[in-house]
Amino acid sequence: MARIRSQGVRARIAVAASAAAVAATVWGVVALVDPGHHGLRDGASGQTQDQNRTPDGKNGKKGEGEGGGNGGSGPLVPETIAHASESGGDAVNITIDDGPDPRWTPRILDVLKRYDVKATFCMVGPQAKAHPDLVKKVVQGGHRLCDHTMDHDTRMDKKPVAYQEQQILEAKKLIEEAAGGAKVEYYRAPGGAFTPDSRRIAAANGMRPLGWNVDTKDFEKPGVAAIVNAVKREINNGPTVLFHDAGGNRTQSVEALDQVLAWLGEQGRPTGFPVRTEADTPSASAPPS
């Protein structure tokens, strides 16, 4: 009986040892096929997630625009300030700032329609929210939208990056909501107060930084003739011309725009939109703005 019990004990020990060896082999295989098992995992797909990314797949690093910009694949558009025209040659870009305004924007749109000219409207966020019908009318007219921040702060280049981001991205959101689906394609800093950070934030969110070459100074109401002469005098600086449709009485702006478009037609100069994805050209970027 003692010999039988001894044989039974040895048999059980052998079985246990064999089971341990099998378990060790299985664990080794698991370790080989899943070396990243300590990483975060997607419960649906079982794929290991990048711990530097948010659940929606966007880069989690801060300071790259809302949600880290273009998902880590680089900006959608260049960060450089655009001046050149998509139409090339001697085409002129008409840009309209500070609206929309219920009194002046419709009059500006009427002038543009009369000459079959498309323009870029740089809108202030709260203005767009207050007048969504005008934003939609701009879009329906074939014009493009530009972000001109929330508060038109011409000293925002002296402010923290977080403030610049808020000014840019909140305005973009309000303008696009008012537009009913159209995208904001450009960003123009108030008073030309660009910074490397504001340009990066804009580009990462699909908006090309937009400058100007001809400042008509129509906001100072110098007289219709002075506004028109400024365009004629400065147009050789580059193709992008700055007008305003808000911020005060814009009677002079409306009348001057009418005369400028008539003069451009006489000169045989077409109009167009500023470059968005293309590189700017040296001849179009002077003077800087």
Side-chain angles (χ1 to χ4, degrees), residues 65-66 93-114 117-157 159 162-194 198 201-202 205-212 215-221 227 240-258 273-274 276:
E66 186 178 58
N93 306 319
I94 301 298
T95 65
I96 315 291
D97 280 18
D98 295 355
D101 181 276
R103 182 175 183 183
W104 304 110
T105 303
R107 294 181 63 179
I108 291 287
L109 287 170
D110 286 345
V111 173
L112 294 169
K113 184 176 181 179
R114 188 179 311 134
V117 167
K118 308 306 180 188
T120 300
F121 283 77
C122 300
M123 298 184 175
V124 178
Q127 288 289 103
K129 181 179 181 180
H131 306 290
D133 55 324
L134 291 178
V135 181
K136 291 180 177 68
K137 190 172 182 180
V138 166
V139 173
Q140 290 165 0
H143 309 288
R144 290 187 185 177
L145 301 175
C146 173
D147 180 334
H148 206 33
T149 75
M150 289 293 292
D151 299 315
H152 200 276
D153 183 353
T154 57
R155 292 183 56 81
M156 65 181 289
D157 57 331
K159 306 292 178 63
Y163 172 84
Q164 297 177 50
E165 183 173 56
Q166 174 265 328
Q167 284 286 310
I168 296 167
L169 297 186
E170 285 192 16
K172 178 179 185 289
K173 180 175 182 291
L174 292 183
I175 296 167
E176 290 184 343
E177 287 177 349
K183 296 298 182 183
V184 175
E185 300 187 61
Y186 305 92
Y187 162 66
R188 173 174 277 167
F194 289 100
S198 69
I201 291 165
N205 286 273
M207 299 178 290
R208 179 69 178 269
L210 175 60
W212 64 85
D215 186 354
T216 63
K217 299 191 183 302
D218 61 331
F219 60 90
E220 295 179 353
K221 294 181 282 190
I227 297 170
T240 301
V241 182
L242 172 60
F243 283 94
H244 294 79
D245 65 341
N249 188 314
R250 293 291 166 243
T251 299
Q252 293 182 14
S253 301
V254 174
E255 294 180 7
L257 177 62
D258 192 311
F273 292 113
R276 183 167 175 270

*Asks:* Atom OG1 of Thr120 and atom CG of Asn93: how far apart are they, to the nearest 0.5 Å?
*Replies:*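 The distance works out to 6.5 Å.
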
*Asks:* Checking salt bridge (charged side-chain N to carboxylate O under 4.0 Å, His left out) for the pair Asp245/Arg107: CA distance, chi angles, key distance, verdict?
*Replies:* CA-CA 9 Å; Asp245 65 341; Arg107 294 181 63 179; over 6 Å; no

*Asks:* Taking side-chain hydrogen bond (donor to acceptor under 3.5 Å, both in side chains) as the definition, give me every residue that meets it alongside Arg208, ordered by chain and number, with sequence neighbours left out.
*Replies:* Thr80

*Asks:* Around Lys159, counting heavy atoms of other residues, nucleotides and ligands shown, do more than 12 lie under 6.0 Å from its NZ?
*Replies:*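 It does: Lys159 NZ has more than 12 such atoms within range.
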
*Asks:* If you look at every heavy atom in Ala179 and Leu145, which pair is closest and at what distance?
*Replies:* CB-CD1, 3.7 Å

*Asks:* Which pair of heavy atoms, one from Gly192 and one from Trp212, lies closest together, and at what distance?
*Replies:* N-CH2, 3.5 Å

*Asks:* Treating Arg276 as the side-chain partner and Glu185 as the backbone partner, does any N or O pair qualify as donor plus acceptor under 3.5 Å?
*Replies:* yes

*Asks:* Say whether, by atom type as modelled, one donor and one acceptor occur between the side chain of Tyr186 and the main chain of His148 under 3.5 angstrom.
*Replies:* no

*Asks:* Using modelled atom types and a 3.5 Å cut-off, is there a donor and acceptor pairing between side-chain atoms of Lys113 and backbone atoms of Ile108?
*Replies:* no

*Asks:* For the backbone of Val254 and the side chain of Trp104, can you confirm whether one donor and one acceptor N or O come within less than 3.5 Å of each other?
*Replies:*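 Not confirmed, Trp104 side chain does not pair with Val254 backbone.
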
*Asks:* To the nearest 0.5 angstrom, please state how far the CG atom of Asp133 sits from the CD atom of Gln140.
*Replies:* 10.0 Å

*Asks:* Can you measure from CZ (Arg155) to OH (Tyr163) and round to the nearest 0.5 angstrom?
*Replies:*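 So the gap between those two atoms works out to 11.0 Å.
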
*Asks:* Quick one: does any side-chain atom of Asp151 pair with a main-chain N or O of Asp153 as donor and acceptor, under 3.5 Å?
*Replies:* no

*Asks:* Mind checking whether Val138 and Met123 have side chains closer than 4.5 Å, heavy atoms only?
*Replies:* yes

*Asks:* State whether the number of non-hydrogen atoms from other residues, nucleotides or ligands found under 6.0 Å of Lys129 atom NZ is greater than 12.
*Replies:* no

*Asks:* Decide whether Asn205 and Tyr187 meet the rule of one side-chain donor and one side-chain acceptor closer than 3.5 Å.
*Replies:* no

*Asks:* Only one of Asp101, Thr95, Asp97, Asp218 forms a side-chain hydrogen bond (donor to acceptor under 3.5 Å, both in side chains) with His244, so which one is it?
*Replies:*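 Running side-chain hydrogen bond (donor to acceptor under 3.5 Å, both in side chains) over Asp101, Thr95, Asp97, Asp218 with His244 returns exactly one hit, Asp218.
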
*Asks:* Can you check whether Glu176 reaches Lys183 side chain to side chain, under 4.5 Å on heavy atoms?
*Replies:* yes

*Asks:* In Å, rounded to the nearest 0.5 Å, how long is the span from CD1 of Ile96 to CG of Leu112?
*Replies:* 6.0 Å

*Asks:* Are side-chain heavy atoms of Asp258 and Arg114 found at a separation under 4.5 Å?
*Replies:*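 Yes. Closest side-chain heavy atoms under 4.5 Å.
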
*Asks:* Taking side chain as C-beta onward, heavy atoms only, is Val135 less than 4.5 Å from Phe121?
*Replies:*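 Contact flag for Val135/Phe121 side chains = no.
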
*Asks:* Taking C-beta and beyond as the side chain, do Pro190 and Met156 meet within less than 4.5 Å on heavy atoms?
*Replies:*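 Side chain of Pro190 against side chain of Met156, heavy atoms only: contact under 4.5 Å found.
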
*Asks:* Apply the side-chain contact (heavy atoms from CB on, under 4.5 Å) test between Ile168 and each candidate in Lys173, Met150, Met207; give the one that qualifies.
*Replies:* Met207

*Asks:* Can you tell me how far CD of Gln167 sits from NE2 of His152, rounded to the nearest 0.5 angstrom?
*Replies:*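 It is 11.0 Å, given to the nearest 0.5 Å.
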
*Asks:* Walk me through whether Asp147 and Cys122 qualify under side chain to side chain contact (heavy atoms under 4.5 Å, CB included).
*Replies:* CA-CA 5 Å; Asp147 180 334; Cys122 300; over 6 Å; no

*Asks:* Would you say Arg188 and Leu242 make side-chain contact, with heavy atoms under 4.5 Å?
*Replies:*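 A side-chain contact exists here, since the closest heavy-atom pair is under 4.5 Å.
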
*Asks:* Taking all heavy atoms of Leu134 and all of Pro106, pick out the closest pair and write down the distance.
*Replies:* CD2-CG, 3.8 Å

*Asks:* Given side chains that start at C-beta, do those of Pro126 and Val124 come closer than 4.5 Å, heavy atoms only?
*Replies:*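 When only atoms from C-beta onward are counted, Val124 and Pro126 do touch, with a gap below 4.5 Å.
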
*Asks:* State, to 0.1 Å, how close Gln127 and Asp98 come at their nearest heavy-atom pair, and which atoms those are.
*Replies:* CG-O, 4.0 Å

*Asks:* Does a side-chain heavy-atom distance below 4.5 Å link Arg250 with Arg103?
*Replies:*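 Arg250 vs Arg103: side chains apart.
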
*Asks:* Shortest non-hydrogen contact from Cys146 to Leu210?
*Replies:*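 Distance-wise, the nearest heavy atoms are SG-CD2, 4.2 Å.
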
*Asks:* Locate the shortest heavy-atom distance separating Ile175 from Ala128; write the atom from each residue and the value.
*Replies:*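 Shortest heavy-atom separation between Ile175 and Ala128 comes out as CG1-CB, 3.8 Å.
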
